[in-house]
Amino acid sequence: MTPQVAVVGLWHLGCSITAAWTQLGLSVHAVDFDARIVRDLEAGRPPLYEPGMAETLALGLGWGTLTVSKDAAAVAGCPFVFLAYDTPVRDDDSSDLSPIWAAVEACGPHLDPGTILIISAQLPVGTARQIR
């Protein structure tokens, strides 16, 4: 069985992680809650340009090793789940963690016991402890 990972958040960081894991031969379940991003990725159009990204994602989609969904349940069964968000910053330089909390709340019920959650985002000290 091909090792599986999930990547939640499909902008620059998430698409880069998805392409890298796809290129390494893993089965990737990519999740974003924005229907437009999902629709474009399913059509082979990433939301931004990186050399080789569109081609790599298209290969994964063609091979069936990459699935793209807006359904948080797609993380079920994945031993590793990456939350990949560029943390928004407010006008007062404080972090807006709403995308992180929304992803945790949506995906949390679908995580298997023992799933390792990797957060690729800039978080204030203590946030990971709160999420745990």
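For clarity, every value in this text was computed on a predicted model and none was experimentally measured. What's counted below: heavy atoms across the whole structure, side chains too, no hydrogens, waters or symmetry copies.
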Side-chain polar contacts of residues 119-127 - donor-acceptor pairs under 3.5 angstrom, sequence neighbours left out - could you list them?
| unit_1 | atom_1 | unit_2 | atom_2 | d |
| --- | --- | --- | --- | --- |
| Gln122 | OE1 | Thr87 | N | 3.2 |
| Gln122 | OE1 | Thr87 | OG1 | 3.4 |
| Thr127 | OG1 | Pro124 | O | 2.8 |

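- Counting heavy atoms from C-beta outward, His29 and Ser27 have side chains that approach closer than 4.5 Å.
- Val68 belongs to a hydrophobic cluster whose other members, connected by ILVMFWY side-chain contacts under 4.5 Å either directly or through intermediates, are Val5, Val7, Leu10, Trp11, Leu13, Ile17, Trp21, Leu24, Leu26, Val28, Ile37, Val38, Leu41, Leu48, Met53, Leu57, Leu61, Leu66, Phe80, Phe82, Ile116, Ile118.
- Environment of CG in Asp91: sparse, with no more than 12 heavy atoms of neighbouring residues, nucleotides or ligands closer than 6.0 Å.
- Across Val75 and Ala6, no two heavy atoms sit closer than the pair CG1-CB, 3.8 Å.
- Nearest heavy atom pair, residue Gly60 against residue Thr22, reads CA-CG2, 3.5 Å.
- Within 6.0 Å of the CD atom in Gln23, the count of heavy atoms belonging to other residues, nucleotides or ligands does not exceed 12.
- Of all non-hydrogen atoms in Gly14 and Ala84, the two that sit nearest each other are CA-CB, 3.6 Å.
- Here the CG-CZ distance, from Asp34 to Arg39, works out to 8.5 Å after rounding to the nearest 0.5 Å.
- Atom-to-atom distance recorded for Leu97:CG and Gln130:CD is 8.5 Å, nearest 0.5 angstrom.
- Of all the heavy atoms in Pro79 and Gly77, the pair that sits closest is CD-O, 3.5 Å.
- Shortest non-hydrogen contact noted between Val31 and Lys70 is CG1-C, 4.4 Å.
- Within the 3.5 Å criterion, the main-chain N or O of Arg90 finds no donor-acceptor partner in the side chain of Ser94.
- Looking at residues two or more places apart in sequence or on another chain, you find a side-chain contact (heavy atoms from CB on, under 4.5 Å) between Ala72 and Phe33, Ala106, Cys107, His110.
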Which is it for Ile131 and Ile100 under the side-chain contact (heavy atoms from CB on, under 4.5 Å) test, yes or no, and what are the steps along the way?
CA-CA 9 Å; Ile131 291 171; Ile100 303 296; 3.9 Å; yes
